[in-house]
Amino acid sequence: NVKKDVVRKKYNLGNRPVIFHSRSIKKIYNLGTIIKSIPLVKQYFPNICFMFTGDIKQLDIKSQKFIRKNKLYENIIFCGRLDHDLEMKYYYRDADLVVSIPTSDSSPFSVYEAMAAKTPVIISDLPWYKDKFVQGKHVVTVSPKDYTSLAVKTIRILKKEIEIGRAH
């Protein structure tokens, strides 16, 4: 019962496709992989919006240079620190896709929150999910360092070629 369009109105996103990453900017969460996927996704969805918690100043220099070189500022929003209890649910609800691709993790809360909002999720192909979810039915998996696969699966989900966890 989470109200829809709260985040879209706050950032004036209209009906732009939105990808949300709620994890930290630490290296384990592979923001570099996500950022490298953006130019490929942008070829199909020029107005795509990737939303990250945290601040761009916390991002590694290599990723900052990649964003600048590829002119991705119009496609990325760094939301800063969000109040988990008061704000996070609206981001999950308004996203078209949530990406959580850490190098190692065990059953991350962010995946369950996205699924509760009925938002499709792409996760790392780590062993933890295999006892809980079916790949391609509940979640889509990628290698945490494979930005090309991430881009292809993102595009397929946004084009509705892969249907997982959609709100009806």
Side-chain angles (χ1 to χ4, degrees), residues 4-5 7-8 11 13-54 56 59-60 62-64 66-79 88 90-103 105 108-126 128-129 133-168:
K4 205 160 171 47
D5 295 327
V7 171
R8 287 179 177 278
Y11 292 97
L13 296 173
N15 60 1
R16 289 175 69 179
V18 174
I19 312 296
F20 182 52
H21 178 272
S22 67
R23 308 302 293 270
S24 116
I25 293 179
K26 292 179 184 171
K27 188 174 181 165
I28 187 176
Y29 297 111
N30 297 301
L31 255 67
T33 303
I34 300 170
I35 290 167
K36 285 181 186 175
S37 77
I38 297 173
L40 301 173
V41 175
K42 194 174 170 177
Q43 291 177 21
Y44 291 86
F45 299 94
N47 66 342
I48 190 79
C49 178
F50 283 74
M51 300 186 87
F52 301 104
T53 55
I56 192 167
L59 195 60
D60 65 278
K62 187 177 178 182
S63 294
Q64 288 183 37
F66 186 88
I67 291 169
R68 190 171 29 259
K69 179 185 173 200
N70 290 280
K71 299 178 174 113
L72 300 177
Y73 289 110
E74 65 193 29
N75 300 99
I76 298 175
I77 296 173
F78 283 89
C79 314
M88 198 70 79
Y90 299 109
Y91 286 80
Y92 287 120
R93 181 72 172 125
D94 283 352
D96 295 291
L97 176 63
V98 170
V99 175
S100 178
I101 55 167
T103 305
D105 213 335
F109 199 59
S110 61
V111 172
Y112 296 109
E113 290 176 317
M115 293 174 90
K118 296 185 177 171
T119 302
V121 188
I122 295 179
I123 64 171
S124 304
D125 57 359
L126 298 173
W128 74 265
Y129 86 88
F133 305 116
V134 175
Q135 150 62 16
K137 180 178 180 184
H138 304 116
V139 295
V140 169
T141 62
V142 296
S143 170
K145 301 290 184 182
D146 188 348
Y147 71 91
T148 303
S149 177
L150 175 61
V152 167
K153 290 180 179 180
T154 297
I155 292 163
R156 291 192 65 212
I157 289 169
L158 293 176
K159 289 173 95 179
K160 296 183 172 73
E161 293 173 1
I162 300 174
E163 292 280 335
I164 55 165
R166 295 253 179 221
H168 296 283

Q: For the pair Ser124 (side chain) and Thr103 (backbone), establish whether a donor and an acceptor sit closer than 3.5 Å, ignoring hydrogens and angles.
A: no
(Q) side chain to side chain contact (heavy atoms under 4.5 Å, CB included), that's the test. Do Val41 and Asn75 meet it? Break it down for me. (A) CA-CA 10 Å; Val41 175; Asn75 300 99; over 6 Å; no
Q) Do Ile25 and Phe78 come within less than 4.5 Å of each other through their side chains, counting heavy atoms only? A) yes
Q.
What I'd like to find out is whether the side chain of Ile19 reaches to under 4.5 Å of the side chain of Ile34, using heavy atoms alone.
A. no
Q. Are the aromatic ring centres of Phe133 and Tyr112 under 6.0 angstrom apart?
A. yes
**Q.** salt_bridge(Asp96, Arg8) N-O dist < 4.0 Å
**A.** yes
Q. Are Val140 and Ile162 side-chain neighbours, meaning at least one heavy-atom pair lies under 4.5 Å?
A. yes
**Q.** Test item: Phe20 and Asp94 side chains (from C-beta on) under 4.5 Å apart, heavy atoms
**A.** no
Q.
So that I can tick it off, tell me whether Glu74 and Lys42 are bridged by a salt bridge, with the cut-off set at under 4.0 angstrom between side-chain N and carboxylate O.
A. yes
Q: Write down the atom of Pro120, the atom of Ile157, and the distance for their closest heavy-atom approach.
A: CB-CG2, 4.0 Å
**Q.** For the student: nearest non-hydrogen atoms of Asp125 and Ser143, plus distance
**A.** OD1-CA, 3.6 Å
Q. Which distance, rounded to the nearest 0.5 Å, do you find between the OG1 of Thr119 and the CZ of Arg93?
A. 7.0 Å
(Q) Measuring only between side-chain heavy atoms, which start at C-beta, is Asp60 closer than 4.5 Å to Lys27? (A) no
Q.
Can you give me the closest heavy-atom contact between Arg16 and Cys49, atom names plus distance?
A. NH2-CB, 3.6 Å
**Q.** Atom pair CD1 (Ile76) and OG (Ser63), whose distance is rounded to the nearest 0.5 Å
**A.** 9.0 Å
Q.
Evaluate Phe66 against Ile38 for side chain to side chain contact (heavy atoms under 4.5 Å, CB included), listing each step before the verdict.
A. CA-CA 10 Å; Phe66 186 88; Ile38 297 173; 5.9 Å; no
Q) Does Lys153 NZ have over 12 foreign heavy atoms under 6.0 Å away? A) yes
Q | Separation of Thr141 OG1 from Leu150 CG (nearest 0.5 Å) | A | 11.0 Å
Q | Check: Ile67 and Ile56 side chains under 4.5 Å, non-hydrogen atoms | A | yes
Q) When you look at NZ of Lys26, are more than 12 heavy atoms from neighbouring residues, nucleotides or ligands closer to it than 6.0 Å? A) no
Q: Run the numbers on Phe52 and Leu59 for side chain to side chain contact (heavy atoms under 4.5 Å, CB included), then give the verdict.
A: CA-CA 11 Å; Phe52 301 104; Leu59 195 60; over 6 Å; no
Q: Please report the closest heavy-atom contact between Pro102 and Asn30, naming both atoms and the distance.
A: C-ND2, 3.5 Å
**Q.** Closest heavy-atom pair and its distance - Lys145, Thr33
**A.** CA-OG1, 3.6 Å
(Q) Run the side chain to side chain contact (heavy atoms under 4.5 Å, CB included) test on Val98 and Glu113 for me, step by step, so that the C-alpha distance in whole Å, both residues' side-chain angles and the decisive distance to 0.1 Å come before the verdict. (A) CA-CA 10 Å; Val98 170; Glu113 290 176 317; over 6 Å; no
Q. Which value, rounded to the nearest 0.5 Å, describes the distance between Tyr44 atom OH and Leu158 atom CG?
A. 12.5 Å
Q. Closest heavy-atom contact between Ser110 and Ser100?
A. OG-OG, 3.6 Å
Q. Out of curiosity, His138 NE2 to Tyr129 OH, how far, rounded to the nearest 0.5 Å?
A. 12.0 Å
Q.
Quick check: do Tyr92 and Met115 have side-chain heavy atoms less than 4.5 Å from each other?
A. no
(Q) Working to the nearest 0.5 angstrom, can you tell me the gap between Cys79 SG and Tyr91 OH? (A) 4.5 Å
